[in-house]
Amino acid sequence: MADIYNFKFIEKKWQKYWYENKIFHVTEDINKKKFYGLIEFPYPSGVGMHVGHIRAYAGLEVVARKRRLEGYNVLFPIGYDAFGLPTENYAMKVKKHPRIITDENIRNFDKQLRSVGFSFDFDRVVDTTDPGYYHWTQWIFLQMFKRGLAYKSKTMVNFCPQCKVVLANEESQNGICDRCGAEVVQKEKDVWFLKIRQYAERLLNNLSSLDYLDRIKTEQINWIGKSTGAEVTFKVKSADKDYDLVVYTTRPDTIYGATFLVVSPEHPMLKYFADDIGNLSEIESYQKQALLKKEFERIQMNKDKTGIKVMGIDAVNPITGKIIPVFSADYVMMDYGTGAIMAVPAHDTRDYEFAKKFNLPIVEVIKGDVDISVEPYIAKDGGEMINSGFLNGMSVKQAIPAMIEYMKKNGLGKPKTDYKMKDWAFNRQRYWGEPIPIINCPHCGQVPISESELPLKLPDLADFEPTDDATSPLSKLTDWVNVKCPRCGAPAKRETDTMPQWAGSSWYFLRYMSPDCPYAPVSRDANEYWRQVDWYNGGMEHVTRHLIYSRFWNMFLYDIGVVKDEEPYKKRTAQGLILGADGEKMSKSRGNVINPDDVIKEYGADTLRTFILFIGDYEKPSPWSVEGTRGCFRFLNRVWGLSDMIKETETNDLNLAAVIKKVSDDYESAKYNTAIAQLMGTINVFYSRGSVTKYELDTFLKLLYPVAPHICSEMYEKINNGAKINETDWPTYKAEELIENEVEIPVQVNGKLRGRITVSREADQDDVMKCVNDEILGGKSIIKIVYVKGRILNIVVK
RNA sequence: GCGGUUAUGGCGGAAUGGCAGACGCGAUAGACUUAGAAUCUAUUGAGGAAUCGUAAGGGUUCAAGUCCCUUUAACCGCACCA
């Protein structure tokens, strides 16, 4: 061999060539077909890039490089989702400004990304913490505010009494504060919300026309959580007052079995009847208890129902006219449905448990195949209505619409659709986020700042520790906070909360189209050209929140005429996790973390890229393997050796067209592992033959180029007098080249393999049977012959 | 609890209902070498064999890892959602 595979030299050389010449920089070109490939931009954390990032990017990297050779104008951008808590916490720890830390981290990520040789367009980088970017994050928020889609409302938040800070759900796992370990309590607070529920139906319906993996669609459907049922009004009475209590139910058919009502501890009806409730102090202390309950406790309470009877008031079942008691219990949530339910213990597990515990009547209204004295009958697809007046004899399917119809006619209730998805809580009491561009005026309420004042820059702050009273650190900047109301001129205060991390990532894919556009989030021309993201890849952990939030923002921007497509992403895939060599999730504490820099140092970026794609099914989790990495390094060394084996010989040991087809198809369907396996099999043919033709090698290098671009660029240049592989075309083949004239087909007897015969592709059953000798049949007589042309012959004998 | 995904050699993993185990790793033997590493060549599911083998049990089919039913285990998501 002429020289060894010097990956260090090669990789440096080609990275320099790509990035200095801006080979992957793209500009809009009406004459070229476009392809927009998007990967989830990273959070630039201090620990740098993880092998998981590389797997997430490597998939579309292959597609992007392939598309360029196919003649597409490819937008394959990268950016940084850089606002967020870890940076802020780290900044407090090391007493540096988050801006400085963010810049350091981005520089580090940029270096790492280039060391892997990714073909991103580094001239379109967006950074969500750049005022030029969050200008438009704030602008979009203002548009939502102006259209009534952003509102402030009181709600319960997780509060750490020790740190005196509001925590996100992720920071208060199991009711314990992430920062200090104290117990978290619930506290009422003013919170900004975005009305994403208003978009629930569209977000749900559009899914059917999108090319997302089924498991992604399923998660989104569950997250949106549509349910259809009815709102039914129950009259609740005390000695001298009435209240129309509206309950939500998906089972109006069971109303004859509603033997009591349950309202959540926070339900406003309890306040309304305060003077009439006999056991008010008990009710109030139960309410307090429920509030203090931490999330995890509520979950544990799952089996053990608590609650309290509300004395002094009664309800009337509107259908049966019977008087039924009212309870307050924390198994009914204030934020779902109406915060009140009609309890049908015979046909609902929770109501059943509650009824058993409080000795309440259980009235069976659907005759099913269970003993109601032992367990509830909850199936919707069987049984027959009983004890239910005009519903008797109907199936559940018939009874639901019949009862809704009856309620509508008699003014007792109406059909109602509900969603589990809640409105999006859109603020944090943190420094390192986009300031919310609103001024709170004592006279005018919330007043948006003028768009001409955008971006509302995050002011410099020396001390960004949270304050004692659970307000944002920004509230300490009185000069900044105290302003005049833009509407009435009275003294007013700026909103000091910032936006959540999800904000910046909800529209970044649009900014890539025109990263410097000064007059809009995205320029019209650029949006007109790039349109939807053709293929978006990322992690399963983001397919609910981030994916739904960004679909919502894009849909809003579509509604107000900013973008041309209602849906942002045509296609969405998700890569599997890379696990440690021990099969467990990589984590510092387990000590099984693989640092990509180390792998690049030892084997090179091409080996890292090849192995990360070869490791297993792209969409499933796979454990890391040091030996596997070496195997890919060996493979690339064998590729390197091919340049000394070029010889023009006539051969029939390889169908190159079939290789081109297999590899091309596999890249398109994200089956990178089998594509690489195919290339390994191909190189094994070259080696056992001892030679490769020039055409075979050129083709082979082009097929491998998207996976291992450095080595392929180098070898292609060497054997083609300096020509650049990135300026060539993707290999093609003619359909007839795939057809083999002779095929080997297996011969089975009674389904068991007994031999093989080689026949012409067009051979019919008689031709094939001529090749079958008695030995194979074992002297038995033939009952049936199944012959699938070109595939298999199965003979049934007796 | 509900929803989803998965289960194939010693390991990672391949298989439009049609030859189970492609490809890689590891292992064994040999070649080269003073020696090792690297590299190359051969073998490598189990079993003496007939045969048996895709989590377990049933079924459909000429033919099942693949389709249907029952069960088990692991992982992910949601979770008292009315």
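No hydrogens, no waters, no symmetry mates; every other heavy atom, side chains included, goes into these values.
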Asker: Name the atoms and distances for all side-chain donor-acceptor pairs under 3.5 Å in residues 572-581 of chain A, with sequence neighbours left out.
Answerer:
| residue | atom | partner | partner atom | Å |
| --- | --- | --- | --- | --- |
| A/Arg572 | NH1 | A/Glu40 | OE2 | 3.1 |
| A/Arg572 | NH2 | A/Glu40 | OE2 | 2.9 |
| A/Arg572 | NH2 | A/Gly539 | O | 2.9 |
| A/Thr573 | OG1 | A/Trp535 | NE1 | 2.9 |
| A/Thr573 | OG1 | A/Asn537 | OD1 | 2.7 |
| A/Gln575 | OE1 | A/Asn537 | ND2 | 3.0 |

Asker: Test of understanding: with side-chain contact (heavy atoms from CB on, under 4.5 Å), list the residues that count as partners of A/Pro376, not counting sequence neighbours.
Answerer: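 side-chain contact (heavy atoms from CB on, under 4.5 Å) check on A/Pro376 returns A/Thr349, A/Tyr352, A/Ile378.
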Asker: Going by salt bridge (charged side-chain N to carboxylate O under 4.0 Å, His left out), name the pairs with one or both residues in residues 628-638 of chain A, residues two or more places apart or in two chains.
Answerer: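 Residue pairs with at least one partner in residues 628-638 of chain A: there are none.
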Asker: With sequence neighbours excluded, tell me which residues meet side-chain hydrogen bond (donor to acceptor under 3.5 Å, both in side chains) with A/Lys662.
Answerer: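 Counting only residues at least two positions away or on another chain, A/Lys662 forms a side-chain hydrogen bond (donor to acceptor under 3.5 Å, both in side chains) with A/Asp666.
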Asker: Who passes side-chain contact (heavy atoms from CB on, under 4.5 Å) against A/Phe700, sequence neighbours left out?
Answerer: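 Partners of A/Phe700 under the side-chain contact (heavy atoms from CB on, under 4.5 Å) test: A/Phe635, A/Val639, A/Leu642, A/Leu679, A/Thr682, A/Ile683, A/Phe686, A/Leu704.
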Asker: Residues in ring-ring contact (aromatic ring centres under 6.0 Å, His included) with A/Phe614, at least two apart?
Answerer: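 With neighbours one apart ignored, the set is empty.
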Asker: Given pairs defined as Watson-Crick or G-U wobble with both distances under 3.5 Å, what dot-bracket annotation applies to RNA chain B, with ( ) intrastrand, [ ] crossing, | other strand and . unpaired?
Answerer: (((((((..(((.....[....)))((((((.......))))))((....))..(((((..]....))))))))))))....
Asker: Would you mind listing every salt bridge (charged side-chain N to carboxylate O under 4.0 Å, His left out) that reaches into residues 679-692 of chain A, with sequence neighbours excluded?
Answerer: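 Found A/Asp653-A/Arg689, A/Arg689-A/Glu696.
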Asker: For nucleotides 59-61 of chain B, print each protein N/O atom paired with a nucleotide N/O atom at under 3.5 Å, atom names and distance only.
Answerer:
none

Asker: Can you sort out the partners of A/Arg197 under salt bridge (Lys or Arg N to Asp or Glu O under 4.0 Å), two or more places apart, ordered by chain and number?
Answerer: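 For A/Arg197, the residues satisfying salt bridge (Lys or Arg N to Asp or Glu O under 4.0 Å) (neighbours in sequence not counted) are A/Asp418.
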Asker: How does protein contact run along nucleotides 4-14 of chain B, one letter per nucleotide 5' to 3', with B for base contact, S for sugar-phosphate only, - for none, heavy atoms under 4.0 Å?
Answerer: S-S-----BSS
Asker: Mind calculating the distance between CZ (A/Arg791) and P (B/rG18) to the nearest angstrom?
Answerer: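 Rounded to the whole Å, the gap is 7 Å.
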Asker: Where along nucleotides 36-52 of chain B does protein come under 4.0 Å, by heavy atom, of base (B) or sugar-phosphate alone (S), with - for untouched nucleotides?
Answerer: ---SS----------SS
